[in-house]
Protein chains: 2
Amino acid sequence: MKQSTVISFESIRVACRHCTLSALCLPMGLAAEDVERLDEIVKRTRPLHRGDMLFRDGDHFRSLYVVKTGSFKTFAPSGEGGEQVLSFHLPGELLGLDAIDQGEHACSASALETSAVCEIPFARLEELTALIPSLQHHMYRLLSKEIGHDTDLLVLLGKKNAEERLAAFLLDFSKRLHKRGLSATDFHLSMSRHEIGNYLGLAVETISRLFTRFQEDGLVRVERKHIELLNLQGLENLIASSHLGRRQPPQRQQQT
Amino acid sequence: MKQSTVISFESIRVACRHCTLSALCLPMGLAAEDVERLDEIVKRTRPLHRGDMLFRDGDHFRSLYVVKTGSFKTFAPSGEGGEQVLSFHLPGELLGLDAIDQGEHACSASALETSAVCEIPFARLEELTALIPSLQHHMYRLLSKEIGHDTDLLVLLGKKNAEERLAAFLLDFSKRLHKRGLSATDFHLSMSRHEIGNYLGLAVETISRLFTRFQEDGLVRVERKHIELLNLQGLENLIASSHLGRRQPPQRQQQT
DNA sequence: GCCAATAGTTGACCTAGATCAAAAACAACA
DNA sequence: TGTTGTTTTTGATCTAGGTCAACTATTGGC
């Protein structure tokens with residue numbers, strides 16, 4: 001209610017064509033006039049604060065959302081009040097794609113910090129994509145990319161150990177921030193240890209211990225939520241090079 | 001090469017409008033004339049045998065595939081020659097959606113048994129979806145559904161124990177077969193224990209032991225790859241009701 | 001600025017499921 | 001029909017990471 005959030009409140013009024021995120025967002029690669037058309041259907045909404053829900057699982061699906069500032073997590077219920085964090089969303093990233101199929105949201109989304117989104121009514125977007133081939137293609141790609149992200153996470157949860165998971169998480173975060181023009185080696189984690197652990201399928205305590213260990217090994221400097229990556233290569237190595245101990249027999253390329 | 005596969009070779013020539021799978025596949029809900037148009041772009045290909053690759057990760061992306069008969073698995077590399085099975089595909093299900101984004105396949109697909117697919121050149125399909133709104137909508141739904149499937153698997157890998165995973169797997173399989181008009185309680189698994197274990201993030205031995213245990217508990221009857229589900233409700237209970245031991249404090253509905 | 005609640009760290013211990021090993025059951029095939 | 005290679009099963013052991021517990025920051029509310 002209070003007008004103290006001047007900065008973000010101003011910034012969210014910016015039209016797509018002037019938005020610094022356009023290169024990461026839907027307008028990517030659209031002709032100027034098409035951006036105008038997209039612009040017309042986008043609604044700007046007021047900021048959300050930490051913990052505020054953007055949508056809940058089961059909610060009727062009406063719109064997709066693009067993060068404009070701040071960050072979000074999405075999570076699915078997992079029986080007995082538990083939940084599985086599915087992803088963290090940074091500016092320019094889309095939320096709600098999983099709801100298209102069933103017509104209702106399959107997961108919930110909440111803000112990790114003070115954040116703003118653009119709302120895109122899906123029915124309108126669909127009309128538009130039928131008219132603008134490049135936008136249609138872009139939508140297909142976005143949906144496909146989401147599948148790719150899930151695939152990565154599946155490999156992580158199915159096949160990687162704790163160390164590899166956290167290293168992969170940090171590097172992924174680093175890359176995504178870098179794409180947004182932020183430092184790839186010095187950043188702030190907007191989510192709690194608990195949320196990281198949940199996302200990676202690990203206990204909070206394990207996350208905490210790993211951060212300590214990574215720090216002892218000179219890979220990172222951790223100070224609460226402030227992270228400095230000191231040795232990117234070292235982290236990369238952690239991901240790729242484990243399992244090297246027990247070599248498998250040469251195993252010709254064949255069916256399983 | 002040999003013509004002994006008469007049955008499936010005949011069946012795969014059937015046009016979409018006569019295909020028994022149309023209700024599960026792309027034509028779902030299309031007007032007759034639109035099905036014709038779709039039909040024109042679909043290529044029918046020869047059958048693949050167990051272990052044959054439909055595509056490999058890294059292959060240039062050109063087409064989507066619909067399983068016509070038989071079954072497939074998709075799997076992604078996971079460092080050091082290991083792989084993570086991402087999904088099993090039954091007749092009517094689409095393969096290759098994850099490749100749209102990058103323009104090359106992000107995972108590999110191989111036949112689990114003698115199988116046939118319809119090939120749908122994606123560029124042609126895109127043109128068509130721009131012309132037929134209901135087809136475009138259907139494509140969005142299919143992509144979104146794939147995300148939903150991944151979400152389910154993520155929850156499984158991130159939060160469920162071995163017992164719950166296998167029970168969920170069996171029930172999912174049962175439901176999908178039932179949709180295809182096959183028995184929900186008596187079926188044949190086309191994949192090996194090893195592949196099931198890989199998919200569920202468990203060791204082969206664990207799968208084997210669980211099958212034995214489920215059988216002892218009267219939940220299933222297992223005879224190699226032939227499965228009979230004797231107590232569907234019992235399996236359902238396994239999924240939902242565990243973690244009931246250590247009750248969590250009432251915990252008001254709140255942010256994490 | 002103080003208190004209560006929440007988040008993070010650290011250590012001790014425990015357990016689900018992995019790994020190792022070996023036998024048994026199949027399947028392919030000459 | 002025997003041989004060989006694969007898949008499955010079963011048992012014995014090991015361990016990564018979970019769980020419990022106690023303590024220490026931080027943070028937010030007033």
Side-chain angles (χ1 to χ4, degrees), chain A residues 49-51 73 82 112-114 156-167 188-216 220-227 238 242-243 245-249 251-252 254-256, chain B residues 49-51 78 82 112-114 156-167 188-216 220-227 238 242-243 245-249 251-252 254-256:
Chain A
H49 299 97
R50 157 130 202 140
K73 68 169 176 181
L112 292 170
E113 60 194 305
T114 302
L156 212 70
L157 293 184
K159 296 281 172 296
K160 309 286 189 172
N161 65 25
E163 194 175 79
E164 296 170 292
R165 292 184 201 189
L166 187 60
H188 176 89
L189 292 178
S190 53
M191 72 292 294
S192 69
R193 300 283 192 273
H194 182 90
E195 287 162 329
I196 296 173
N198 187 312
Y199 176 65
L200 297 175
L202 300 169
V204 204
E205 293 92 328
T206 304
I207 302 296
S208 185
R209 280 187 251 269
L210 282 172
F211 269 134
T212 308
R213 178 135 59 88
F214 282 5
Q215 176 148 271
E216 284 167 2
V220 302
R221 224 173 67 75
V222 186
E223 197 190 339
R224 199 148 178 80
K225 304 206 157 175
H226 175 235
I227 305 282
L238 274 193
S242 45
H243 309 307
R246 56 207 101 113
R247 265 235 151 276
Q248 288 164 285
Q251 162 177 77
R252 67 228 129 75
Q254 258 284 86
Q255 70 188 81
T256 305
Chain B
H49 299 97
R50 157 127 203 143
S78 70
L112 291 170
E113 60 194 306
T114 302
L156 211 70
L157 294 184
K159 295 281 173 295
K160 309 286 190 171
N161 65 27
E163 193 175 80
E164 296 170 291
R165 292 184 202 188
L166 187 60
H188 177 89
L189 292 177
S190 53
M191 70 293 294
S192 69
R193 301 283 192 271
H194 182 89
E195 287 163 328
I196 296 174
N198 187 313
Y199 177 65
L200 297 176
L202 300 169
V204 204
E205 294 93 329
T206 305
I207 302 296
S208 184
R209 279 186 251 270
L210 282 173
F211 269 134
T212 309
R213 178 133 61 87
F214 281 6
Q215 175 149 271
E216 286 167 359
V220 302
R221 225 174 66 75
V222 186
E223 199 189 338
R224 199 152 177 77
K225 303 207 156 174
H226 175 234
I227 305 282
L238 274 193
S242 46
H243 309 308
R246 56 206 103 115
R247 265 235 152 274
Q248 288 163 287
Q251 157 177 80
R252 67 230 130 75
Q254 259 283 87
Q255 72 189 79
T256 306

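Remember, predicted model here, so these are calculated numbers, not experimental data. In the text below, chain A, chain B and the rest are named by the order of the sequence lines, each starting its count at 1.
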**Student:** Which angle, rounded to 10°, do you find between the first-five-pair axis and the last-five-pair axis of the helix from C:dG1-D:dC30 to C:dA30-D:dT1?
**Tutor:**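 Comparing the first five pairs with the last five, the axes sit 60° apart.
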**Student:** What is the separation between atom CZ on A:R213 and atom P on D:dA16, rounded to the nearest whole Å?
**Tutor:**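 Computing the A:R213:CZ to D:dA16:P distance gives 10 Å.
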**Student:** Given atom CG of B:N161 and atom C1' of C:dA18, what is their separation to the nearest angstrom?
**Tutor:**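 Nearest whole value for this atom pair: 15 Å.
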**Student:** Between B:F214 (CZ) and D:dT10 (P), how many Å, whole number?
**Tutor:**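 Distance check: B:F214 CZ to D:dT10 P gives 15 Å.
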**Student:** Identify, with sequence neighbours excluded, every residue that meets side chain to side chain contact (heavy atoms under 4.5 Å, CB included) alongside A:R209.
**Tutor:**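 Per chain and number, A:R209 pairs via side chain to side chain contact (heavy atoms under 4.5 Å, CB included) with A:E205.
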**Student:** Rounded to the nearest 0.5 Å, what's the gap from CZ on A:R165 to CG on A:L238? Could you check?
**Tutor:**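 It is 14.5 Å, given to the nearest 0.5 Å.
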**Student:** Rounded to whole Å, please give me the gap between CG in B:L166 and P in D:dT9.
**Tutor:**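 That distance rounds to 11 Å.
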**Student:** Is A:T212 near enough to C:dT10 that one of its side-chain N or O atoms lies under 4.0 angstrom from OP1 or OP2?
**Tutor:**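 Yes, A:T212 has a side-chain N/O under 4.0 Å of OP1/OP2 on C:dT10.
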**Student:** Just verifying a value: how many Å separate A:I227 CD1 and A:H188 NE2, rounded to the nearest 0.5 Å?
**Tutor:**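 Between atom CD1 of A:I227 and atom NE2 of A:H188 there are 9.5 Å.
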**Student:** How would you list, by chain and number, every residue that makes a side chain to side chain contact (heavy atoms under 4.5 Å, CB included) with A:T206, sequence neighbours excluded?
**Tutor:**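 For A:T206, the residues satisfying side chain to side chain contact (heavy atoms under 4.5 Å, CB included) (neighbours in sequence not counted) are A:A162, A:L202, A:A203, A:L210.
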**Student:** Residues two or more places apart in sequence or in another chain: which of them pass salt bridge (Lys or Arg N to Asp or Glu O under 4.0 Å) with A:R213?
**Tutor:**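 With sequence neighbours excluded, A:R213 shows a salt bridge (Lys or Arg N to Asp or Glu O under 4.0 Å) to A:E163, given in chain and number order.
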**Student:** Using 0.5 Å steps for rounding, measure from the CZ atom of A:F211 to the CG atom of A:L189.
**Tutor:**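 The CZ atom of A:F211 sits 5.5 Å away from the CG atom of A:L189.
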**Student:** Ignoring hydrogens and geometry beyond distance, is the side chain of B:R209 in donor-acceptor contact with the base of C:dT19 at under 3.5 Å?
**Tutor:**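 Answer is yes: a donor-acceptor pair is held.
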**Student:** With rounding to the nearest 0.5 angstrom, report the CE to CZ distance, A:M191 to A:R193.
**Tutor:**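 If we round to the nearest 0.5 Å, A:M191:CE and A:R193:CZ are 10.5 Å apart.
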**Student:** Within a strict 4.5 Å, meaning less than it, do heavy atoms of the A:H194 and A:I207 side chains meet?
**Tutor:**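 When only atoms from C-beta onward are counted, A:I207 and A:H194 do not touch, as no gap falls below 4.5 Å.
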**Student:** Calculate the interatomic distance between B:E195 atom CD and D:dT6 atom P; express it in whole Å.
**Tutor:**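 After rounding, the gap between these two atoms is 15 Å.
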**Student:** In whole Å, I'd like the distance from the NE2 atom of A:H188 to the C1' atom of C:dA7.
**Tutor:**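 Atom-to-atom, A:H188 to C:dA7, this comes out as 13 Å.
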**Student:** Just to be sure I understand the geometry, which residues of residues 196-208 of chain B put a non-hydrogen atom under 4.0 Å away from DNA chain C?
**Tutor:**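 B:G201, B:L202, B:A203, B:E205, B:T206, in order of number.
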**Student:** Are B:L112 and B:E195 packed together at the side-chain level, in the sense that at least one heavy-atom pair is separated by less than 4.5 angstrom?
**Tutor:**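 Side chain of B:L112 against side chain of B:E195, heavy atoms only: contact under 4.5 Å found.
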**Student:** Write down the distance between CE (A:M191) and P (C:dT6), rounded to a whole number of angstrom.
**Tutor:**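 So the two atoms are 21 Å apart, to the nearest Å.
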**Student:** Using whole Å, what does the distance between atom C1' of nucleotide C:dT6 and atom NZ of A:K225 come to?
**Tutor:**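 The distance from NZ of A:K225 to C1' of C:dT6 comes to 11 Å, rounded to the nearest Å.
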**Student:** Check the interface with nucleotides 23-30 of chain D: list each N/O to N/O pair with the protein under 3.5 Å, or write none.
**Tutor:**
unit_1, atom_1, unit_2, atom_2, d
D:dT26, O3', A:R224, NE, 3.3

**Student:** Indicate the atoms forming the closest heavy-atom contact of A:L157 with A:Y199, along with that distance.
**Tutor:**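 The pair with the smallest heavy-atom distance is CD2-O, 4.0 Å.
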**Student:** How many angstroms lie between CG in A:L156 and CG in A:N161, if you round to the nearest 0.5 Å?
**Tutor:**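 If I round to the nearest 0.5 Å, the distance is 9.5 Å.
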